[in-house]
Amino acid sequence: MVAKVGAEVHTVHVGQKVVLAPGVTCGKCPACLSGNDNLCRDFTNLGFMLDGGCAEYVRCPDVNCMPYPENLDWTQAAAVPLVFQTAWHMLVHRAQLQPGETVLVLAAGSGVGSAAIQIAKFFGAHVIATAGTDEKLEKAKQIGADEVIHHGVMPIAKEVRSLTQNHGVDVVFEHVGTATWDDSVKSLAIGGRLVTCGATTGYDGKIDLRFLFTRQLSILGSYMGNKGELRTVLKLVAQGRLKPIVDKVWPLHDCIAAHNYLEHHKQFGKVVLSVP
Ligand SMILES: [Zn+2]
């Protein structure tokens, strides 16, 4: 809810419900002007080098105020922007996902993982998702995963080969990093694309260059998404075609407990902090 606006702000008004785009950019450079604002050299996020949303009030540019999806309550709406925007940019813009392709989504219980499963299904892909508990695998199926892999029971790449008649997958949705990197690369089909937005378990990853060029693989980096993509995602959320997954809501003063919960990988979807 907008509490106060600057003297020159005319696009939003006090009392208006908005969803905030997390990315803050210069708004003037060639990247920003071409709509690729997540390529802006000044790109940062609310909460990174700037005060963020872990507070009762947050200050941001008016251009970051997005239409509020009225079918959602506050906690659900808070769970949308960063993960859906990121997963959309990875699958749609970077990996150019096509209907009928097979996608491997790592860590289905993460925020981006739970968003990626839904977006891949929205585009008519076949989704294989991984997680470390039976409970998370069941939830992954409930939100659309066609097949699941328990990464603690079976090596991911071996299981992917078995599920795809040894073809591998067209797209790997990576964000885990060192722990899964080898399996992710080995899971790719000829001509496959690996797209990554994170390195939660470490940033070292090797690749056999012979494997890279003979199989004509693509390794794609991705970071956040642009504001236009967030608007698209919010429209689909308002239509009920994509759904934010809220695992737990903690009051702001229990912020430390919420972080501990995340650090122990207990969540499926997003953990949200609420203010009274
Ligand atoms: Zn810029």
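As the structure lists them, so they are numbered: ligands from 1, and atoms in each ligand from 1. Keep in mind it's a predicted model, so treat the numbers as computed, not measured.
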**Request:** Using a strict cut-off of less than 4.0 Å between a Lys/Arg side-chain nitrogen and an Asp/Glu carboxylate oxygen, indicate whether Lys141 and Glu147 qualify as a salt bridge.
**Result:**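 No, no charged N to carboxylate O under 4.0 Å.
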
**Message:** Between the side chains of Lys266 and Asp247, is the shortest nitrogen-to-carboxylate-oxygen separation below 4.0 Å, so that they form an ion pair?
**Reply:**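 No salt bridge links Asp247 with Lys266.
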
**Prompt:** How far apart are the C-alpha atoms of Glu70 and Tyr68, what are their side-chain angles, what is the distance that settles it, and do they pass the side chain to side chain contact (heavy atoms under 4.5 Å, CB included) test?
**Reply:** CA-CA 6 Å; Glu70 291 294 341; Tyr68 189 92; 4.0 Å; yes

**Prompt:** Would you call the rings of Trp88 and Phe122 parallel, tilted or perpendicular, where under 30° means parallel and over 60° means perpendicular?
**Reply:**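 Answer is tilted, since the angle falls between 30° and 60°.
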
**Request:** Indicate whether any N or O donor in one side chain lies under 3.5 Å from an N or O acceptor in the other, for Thr25 and Asp42.
**Result:**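 No.
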
**Prompt:** Looking only at side chains, do His89 and Asn226 share a donor and an acceptor under 3.5 Å apart?
**Reply:**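 Per modelled atom types, His89 and Asn226 side chains form no pair under 3.5 Å.
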
**Message:** Which of the protein's N, O or S atoms come within less than 2.8 Å of the Zn ion (ligand 1), not counting waters?
**Reply:**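 Hits for the Zn ion (ligand 1) below 2.8 Å: Cys26 SG, Cys29 SG, Cys32 SG, Cys40 SG.
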
